[in-house]
Amino acid sequence: MQPIQVFSVVPRLPENLKPLWDLAYNLLFSWNGNIVDLFSRIDARLWRMSENNPVRFINSLGQETLEELSGDELFLSRMHETVDELRAYLSRTTSVVDFPGATPGQPVVAYFSFEFGLSPCLPIYSGGLGILAGDHLKSASDLNVPLVGIGLCYQQGYFRQRLTPDGWQHERYPVYDFEQMPITLVKDADARPVTFTIDLQDRKLIVQIWKAAVGRVNLYLMDTNIPENPPEFRQLTTRLYGGDWEMRLQQEILLGIGGIKALAALGLEPRIIHMNEGHSAFAGLERIRLFMKDCGMSYEAAVELAASSCVFTTHTPVPAGNDRFPPDLMQRYLEPYARELGLAFKVFLALGREDPRDDAEPFCMTVLALRLSRFNNGVSELHGHVSRNMWKRVWPQFPTEDVPIGSITNGVHHPSWVADDLAVLYDRYLGGNWREDPDCVRVWRNAEAIPDAELWRTHERLRERLVDFVRHRLRQELLQKGARRSEVEAAEDVLDPQALTIGFARRFATYKRANLILQDRDRLMKLIGDSQRAVQFIFAGKAHPQDNEGKKIIQQIVQFCREGNCRPRMVFLQDYDMEVAEYMLQGCDVWLNNPRVPLEACGTSGMKAMANGVINLSTLDGWWAEAYRDDNSVGWSIGRGEIYDDPRHQDFVESQILYTLLETEVVPDFYDRGHGNLPRHWVRRMKNALVELGPMFNSHRMVEDYARIAYIPAYQNFVALTQQGFQAAKDLAQWRMDMMTKWHGLGIRHVTAQEFGEIHVGEPVSVAAEVRLNGIAPENVLVEIYSGALDQDGQFSQREAVEMKPGEFVEDGWCRYSGAFKPVAPGRFGFTVRVLPRHRHLLDPHSLGLIRWAE
Ligand SMILES: *Cc1c(COP(=O)(O)O)cnc(C)c1O
């Protein structure tokens with residue numbers, strides 16, 4: 001029997017406890033320990049059972065407890081202090097980031113993402129991409145960047161993992177009750193839900209919006225699960241990464257096109273759109289449509305305006321990881337949309353094709369995003385490089401290093417990820433600034449001042465807490481499975497709170513090679529079995545429901561854990577999520593990360609570990625390629641970032657390196673104890689990492705980078721382009737068309753360098769060339785000497801571009817240009833000359849795709 005209606009019944013909160021709701025409905029609790037303290041002191045056990053969810057927690061407090069609290073003066077005064085702290089945080093207006101002329105209180109940037117990982121109690125994330133988005137919002141809040149988040153509200157979130165007795169992953173999909181979460185349904189003045197509609201194949205999809213307050217930033221989550229929608233539409237926001245390709249396309253239409261509509265329905269007008277991964281690339285199209293419809297712009301001018309104010313971050317260095325839709329599926333959903341943009345469908349599809357002329361090529365969201373954004377970036381230096389290679393076909397005229405995809409390395413939100421116990425130490429020795437200004441080198445230098453013993457004892461306490469947590473979780477798992485009592489009791493003895501603890505937890509994508517350590521089981525068993533210098537491993541992670549290879553790796557590890565004598569020293573924790581991550585990243589000694597280079601775009605869990613004094617042991621991929629120091633002073637590297645042709649050989653070689661490192665460096669260092677049982681070398685390394693890496697690998701630095709490099713220039717450009725009835729945008733579009741038609745007539749000839757005698761490092765070499773501008777004004781081109789050292793194949797191994805200045809006209813249309821470059825190092829050196837378009841509103845001269853090289 002199904003009930004006809006469902007209610008949420010909540011306790012009656014005494015009037016003087018109402019401020020608790022303010023604390024519960026702002027996700028600031030996820031990075032402010034005082035708020036959590038307040039809740040957990042009411043009822044620690046209940047708090048622990050509420051999965052860090054204050055709304056559920058308050059709703060499950062008994063009426064009696066509430067009455068008691070309401071008369072407890074001490075509690076009330078603590079509550080008021082905490083609420084005051086929240087209000088003070090919310091009202092602070094200072095910011096390091098300035099958008100001149102922006103309306104105060106209005107967001108300037110809208111950050112679109114398929115997933116957001118903010119707190120374990122809002123399970124709308126699957127892994128690194130979502131956590132990054134969550135940390136981005138938190139840092140934007142701390143830094144007062146006027147930003148708003150846009151995402152989807154998944155009723156069943158991402159799946160919960162449960163393993164069968166033989167280690168096979170099963171997925172569970174609990175149905176979450178939004179009323180019991182720290183989010184609120186957005187309503188209008190008449191208390192009716194704010195909704196809007198999207199046309200989806202001749203039908204109307206109705207969307208409502210939930211709001212999550214993330215400190216000073218709002219995150220809006222779209223929800224289609226409402227009775228007015230037909231069942232197949234209601235399912236659209238059921239699961240993250242849950243459906244088939246058709247549902248994925250519908251979800252991406254919802255996120256991109258719907259996201260822009262949601263902003264309008266909310267009365268928000270952010271100027272800048274930041275697309276976190278290609279899932280939201282349709283947002284660019286919707287803006288183009290609106291600029292055409294509402295502002296009377298041509299398609300071309302609207303594209304200029306939309307792209308100039310769009311920032312795109314790509315995350316996926318694996319071609320298969322980028323969404324690609326078959327043309328016929330696209331046609332079913334987007335043909336009418338293309339018509340509205342005034343585009344023939346073939347032209348529309350070309351926007352998402354690497355080769356616009358290839359009719360068979362599927363429509364790739366990443367390509368669309370790259371074409372609709374004038375600022376593109378990867379998420380580490382190495383990934384920037386990989387991305388330029390991967391997407392060079394979108395800009396076929398350019399040498400790979402000139403493909404307009406830069407990089408901004410990811411960071412993590414320290415106040416969210418640093419353990420409370422350590423935070424106390426940081427507060428004392430680093431000062432409160434490590435929370436507000438973590439990219440400050442001076443702040444982290446103070447980590448030197450933390451007494452070794454204090455740092456080590458705190459770390460040991462966190463390891464004990466982790467071991468406790470693991471035992472508790474294992475017990476719960478076993479009880480749920482109905483295991484024998486002896487087995488449940490044995491769970492109390494797993495792991496050793498004193499032993500060297502190595503953690504590995506992340507999504508079980510095959511390239512991450514969770515099973516690398518299993519390559520040579522004898523060598524592994526020797527490490528685990530050493531009773532003097534014990535080593536133990538904790539694994540956790542989910543495989544994507546359709547990824548059987550990933551599931552097999554989980555099974556391998558689980559079965560190994562169960563085999564004979566390694567049981568107490570090797571465990572697999574079920575259902576990896578932010579909470580499990582927190583315990584592991586704070587309590588392990590070593591964080592193991594061995595992806596196949598260069599497939600990890602950045603990796604962020606290692607940064608969280610580092611901020612907690614956990615030492616990284618990793619292949620030189622993603623962020624670690626930037627962070628690692630050759631002398632092993634901040635952590636260890638597995639290999640030197642080599643890329644192998646034969647993956648099996650690579651696994652063999654790298655696993656051997658890994659065992660040797662463990663045997664000869666990691667274990668001996670950990671157990672090299674001096675006075676007071678302190679591992680001096682180990683603590684030295686912990687501090688080195690904090691001092692050297694702390695200022696760089698945090699999300700405040702990251703968000704400031706985005707603001708400085710992308711948001712602010714794009715914002716200023718947007719303002720300039722839209723003045724006087726969008727005149728500059730229209731001019732820019734006109735200019736672009738003009739360049740497109742005249743460009744083919746451009747010529748370069750008579751490239752000459754000064755007579756070469758001996759050339760010395762650092763001495764200028766003059767270059768002259770003649771350029772035919774074909775009616776293009778000289779101020780509209782950039783003529784450059786392109787020079788650099790050459791590799792063995794005679795290709796540029798690095799390069800520098802120097803501008804050349806125009807001189808006199810030599811004959812009809814040919815103009816003389818001159819300039820000079822300086823070789824910076826001895827060796828073989830080369831140069832050439834090239835011409836690029838230039839316009840003051842074109843932020844990146846490469847984005848037009850026009851270039852001419854000397855021949
Ligand atoms: C940080 C984090 C990740 C990302 O980890 P990677 O090292 O990038 O793989 C994934 N899941 C959770 C729960 C995290 O906290």
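Numbering of ligands and ligand atoms starts at 1, following listing order. As the structure is a prediction and not an experimental result, all values here were calculated from the model.
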Determine whether the aromatic ring centres of residues [Y] and [X] are separated by less than 6.0 angstrom.
X: Y628; Y: W623; result: no
X: F572; Y: F539; result: no
X: W434; Y: H700; result: no
X: H274; Y: H136; result: yes
X: W210; Y: F178; result: yes

With atoms numbered from 1 as shown, which atoms in ligand 1 lie under 4.0 angstrom from a non-hydrogen atom of [X]?
X: A581; result: 13 (C), 15 (O)
X: G128; result: 3 (C), 4 (C), 10 (C)
X: G127; result: 10 (C), 11 (N)
X: R506; result: 7 (O), 9 (O)
X: D577; result: 13 (C)

Q) Backbone, side chain, both or neither: what part of S605 comes under 4.0 angstrom of ligand 1, heavy atoms only? A) both

Q) If you measure from each non-hydrogen atom of L585 to ligand 1, which part falls under 4.0 Å: side chain, backbone, both or neither? A)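 Neither; nothing of L585 gets under 4.0 Å from ligand 1.
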
Q: Test the R506-F504 pair against the cation-pi criterion, namely NZ or CZ under 6.0 angstrom from the six-membered ring centroid and within 45° of the ring axis.
A: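 Geometry flag: set, cation within 6.0 Å and 45°.
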
Q) Looking at F159, does the NZ or CZ of K542 lie under 6.0 angstrom from its six-membered ring centre and within 45 degrees of the ring axis? A) yes

Report yes if [X] has an N/O atom closer than 3.5 Å to an N/O atom of ligand 1; otherwise report no.
X: T604; answer: yes
X: W417; answer: no
X: K608; answer: yes

Q. Does even one non-hydrogen atom of K512 get within less than 4.0 Å of ligand 1?
A. yes

Q.
For H383 and S380, which I'm curious about, is there any donor-acceptor pair between the side chains at under 3.5 Å?
A. no

Q: Note the single closest protein heavy atom to atom 11 (N) of ligand 1, along with its residue, its atom name and the distance in Å.
A: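 So the nearest neighbour among protein heavy atoms is Y576 CE2, 3.5 Å.
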
